[in-house]
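Order of the sequence lines fixes the chain letters, A, B, ..., with proteins taken first and strands second; residue numbering starts at 1 for each chain. Just so it is clear, the model here is predicted, and its values are computed rather than measured.
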2 protein chains.
Amino acid sequence: MTDTTDIGEASDFALPQLYKHHVFSCYTQRPPGHPRGSCGASGAQPLWDRLGKAIETQGLAEIGFTASGCLGFCKAGPLMVVYPEGVWYRPTTPEDIDEIVESHFKQGKRVDRLVMVLTRR
Amino acid sequence: MTDTTDIGEASDFALPQLYKHHVFSCYTQRPPGHPRGSCGASGAQPLWDRLGKAIETQGLAEIGFTASGCLGFCKAGPLMVVYPEGVWYRPTTPEDIDEIVESHFKQGKRVDRLVMVLTRR
């Protein structure tokens, strides 16, 4: 016996998942004109507030919502990432948020027009 | 044609993954004696700083590391979660951090003794 388990190995040790989808939304705010930019400077906060409120008021208990620090890719913001599927979104309007909630979180259908495909530097 | 894709459906639209593992570590700090407690009050910050530094100095480019706000379950902290596998850890010592880096991130073996299995309220 060891105290480690191969990740992803089918076994009795598979862990239950806390959330069906877990969203992380970047709340980083840099000052206007900062060379790196930031999700906050790109108007993120009211979008994330709308997202968090929609999850709460619609009783979507299987969706986790967590504020995050910088996710990198600052000029691509506002950025959020949804796990376990690893989908990165760049919503810019309240309607975009509502569509992610309705399509991705409630119907299980990714919203391709809002997806960002990012590459590590 | 629609602009949505079934999540997880095998298709040409499967997205590349940015990270092999993406870690979110809770940096929430509430004052000493606060009734909810917090990861910060449980000594999280030096652990996460060690984790971030290990990922950087060991050149683990496939590991994403992001500071997060409150992950819930405040009394269970210090808490971190690793996606896409959805493993929640509660490390309390520098040695715990080193073991997670070596075992989970470098060898792909979950460290069962540090896993927290959480249930939604």
Subject >> Check against side chain to side chain contact (heavy atoms under 4.5 Å, CB included), A:Val81 and B:Tyr19 >> reply: CA-CA 12 Å; A:Val81 58; B:Tyr19 296 115; over 6 Å; no

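- When all heavy atoms of A:Leu18 and B:Arg120 are compared, the closest pair comes out as O-NH1, 2.7 Å.
- Note that CG of B:Leu15 is 10.0 Å distant from CG of A:Leu118, once rounded to the nearest 0.5 Å.
- Heavy-atom neighbours of A:Gln29 CD from other residues, nucleotides or ligands within 6.0 Å: above the threshold of 12.
- Put simply, the side chain of A:Gln17 gets close to the backbone of B:Glu85: a donor and an acceptor are under 3.5 Å apart.
- For B:Ala54, the side-chain contact (heavy atoms from CB on, under 4.5 Å) partners at least two apart in sequence or on another chain are B:Gln58, B:Val101.
- Ring-plane geometry between A:Tyr83 and B:His22 is classed as perpendicular, the angle between the planes exceeding 60 degrees on a 0 to 90 degree scale with a lower cut at 30.
- Listed by sequence position, A:Ala61, A:Glu62, A:Thr66 are the residues of residues 59-66 of chain A in contact with chain B, using a 4.5 angstrom heavy-atom cutoff.
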